[in-house]
Amino acid sequence: MTIYFYKVWEPYGCFSNFSPHGIEIRGTYWSTVEHYYQAQKFVGSVDAVIIPLISAAQTPEQAAALGRCSTRKVRCDWDVVKTEVMKEAVLKKFLTHAEIRETLLTTGDNLLVENSPNDYFWGCGANKTGENYLGKILMSVREEIRSLFCRYQ
Ligand SMILES: Nc1nc(O)c(N)c(N[C@@H]2O[C@H](COP(=O)(O)O)[C@@H](O)[C@H]2O)n1
C-alpha cells in the first residue's frame with residue numbers, strides 16, 4: 001500500500017515538514033523542519049543575514065516564502081547538500097517526538113509519498129512521477145528508528 005501525505009491537517013500530516021514539531025540542532029532550536037531546511041540554504045552565502053528572519057518566522061509557510069525568495073543568493077553547494085540537510089532534520093524530528101515516531105513505525109513497510117502537486121523533487125508531483133525524496137528520507141528514518149528502538153520487527 002502507498003501512504004500519501006501532504007498538508008498538516010490531512011491524514012499523516014505529521015510527516016510534512018510543516019508539522020508543528022520543533023527540533024534542536026547543534027544548540028539552536030527551530031520551530032519546524034521547514035524553518036531549519038529553508039535557513040540552511042543561506043549558510044555561508046552573501047545572504048546569510050536572512051537566517052535569523054527565517055528562524056523567527058511565525059509559520060513554516062512564512063519561513064518557506066523567505067527561503068524561496070528568488071532575489072536572494074542560495075549557498076553554492078546547496079544542490080549537493082540539501083538531501084543530507086533534510087535527512088538530519090527529519091531524523092531529529094522523529095527522535096525528539098515520541099508520538100509521531102509511533103505513527104511512523106505503524107506504517108510498517110508501506111511506501112510513503114509526499115503528494116505535492118508542484119514539487120517533483122521532494123514530492124511526487126501532479127502526475128505521480130516525481131522523485132519523492134521526502135518520502136524516501138522518511139522511509140530511511142523509519143528503518144533507522146526501527147533498529148534503534150527495536151520495536152515492530
Ligand atoms: N506541506 C507543504 N506545503 C507546501 O506548500 C509545500 N511546498 C510542501 N513541500 C515542502 O516544501 C519544501 C521544499 O521547499 P523548496 O522548494 O526547496 O524551497 C520541502 O520541505 C517539501 O517537503 N509541503
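Computation of the quantities below employed the complete heavy-atom set of this structure, encompassing side-chain atoms and omitting hydrogens, waters and symmetry-equivalent molecules. Whatever order the structure lists ligands and atoms in, that order sets their numbers, starting from 1. If you're wondering where the values come from, they're calculated on a predicted model, not measured in any experiment.
There is a side-chain donor-acceptor pair under 3.5 Å between Asn115 and Lys128. Looking at Thr129 and Asn127, their side chains do bring a donor and an acceptor atom within 3.5 Å of each other.
Annotation for ligand 1: atoms under 4.0 Å from non-hydrogen atoms of Tyr37 are 13 (C), 14 (O), 15 (P), 17 (O). The contact set between ligand 1 and Leu134, taken as ligand atoms under 4.0 Å from a residue heavy atom, comprises 22 (O). With ligand atoms numbered from 1 in the order given, ligand 1 contributes 19 (C), 20 (O) to contacts under 4.0 Å with heavy atoms of Met86. Set against the non-hydrogen atoms of Ser16, the atoms of ligand 1 under 4.0 Å away are 1 (N). Which parts of ligand 1 touch Asn17 is read off a 4.0 Å heavy-atom cut-off, strictly below it: atoms 19 (C), 20 (O), 22 (O).
Taking every heavy atom of both residues into account, Lys136 and Glu131 meet most closely at NZ-O, 3.0 Å. Residues Ser19 and Cys14 come closest through the heavy atom pair OG-O, 3.5 Å. Taking both residues in full, the closest heavy atoms of Phe42 and Arg75 are given as N-CD, 4.5 Å, listed atom of the first, atom of the second, then distance. When every heavy atom of Thr32 is checked against every heavy atom of Asn17, the shortest pair comes out as CB-O, 3.6 Å. Here the shortest heavy-atom pairing between Lys87 and Ser140 reads CE-OG, 3.4 Å.
Contacts between Tyr6 and ligand 1 below 4.0 angstrom, taking non-hydrogen atoms only, involve backbone and side chain alike. Contacts between Lys82 and ligand 1 below 4.0 angstrom, taking non-hydrogen atoms only, are absent altogether.
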Exercise. Quick one: do Thr83 and Phe121 satisfy side chain to side chain contact (heavy atoms under 4.5 Å, CB included)? Show the steps, please.
Key: CA-CA 10 Å; Thr83 50; Phe121 182 81; 3.7 Å; yes
Quiz item: Going through the checks in order, is the side chain to side chain contact (heavy atoms under 4.5 Å, CB included) test met by Met1 and Ile3?
Solution: CA-CA 7 Å; Met1 187 177 102; Ile3 293 174; 3.7 Å; yes
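Between atom 11 (O) of ligand 1 and the options Arg68, Lys41, Lys7, the minimum heavy-atom separation is to Arg68. If you check each of Glu61, Glu34, Glu10 against atom 20 (O) of ligand 1, the one with the closest non-hydrogen atom is Glu34.
Geometrically, ligand 1 and Asn118 share no nitrogen or oxygen pair separated by less than 3.5 Å.
At least one heavy atom of Gln38 sits closer than 4.0 Å to an atom of ligand 1.
Shortest contact from atom 13 (C) of ligand 1 to any protein heavy atom: Trp122 CD1, 3.4 Å. Shortest contact from atom 22 (O) of ligand 1 to any protein heavy atom: Glu114 OE2, 2.9 Å.
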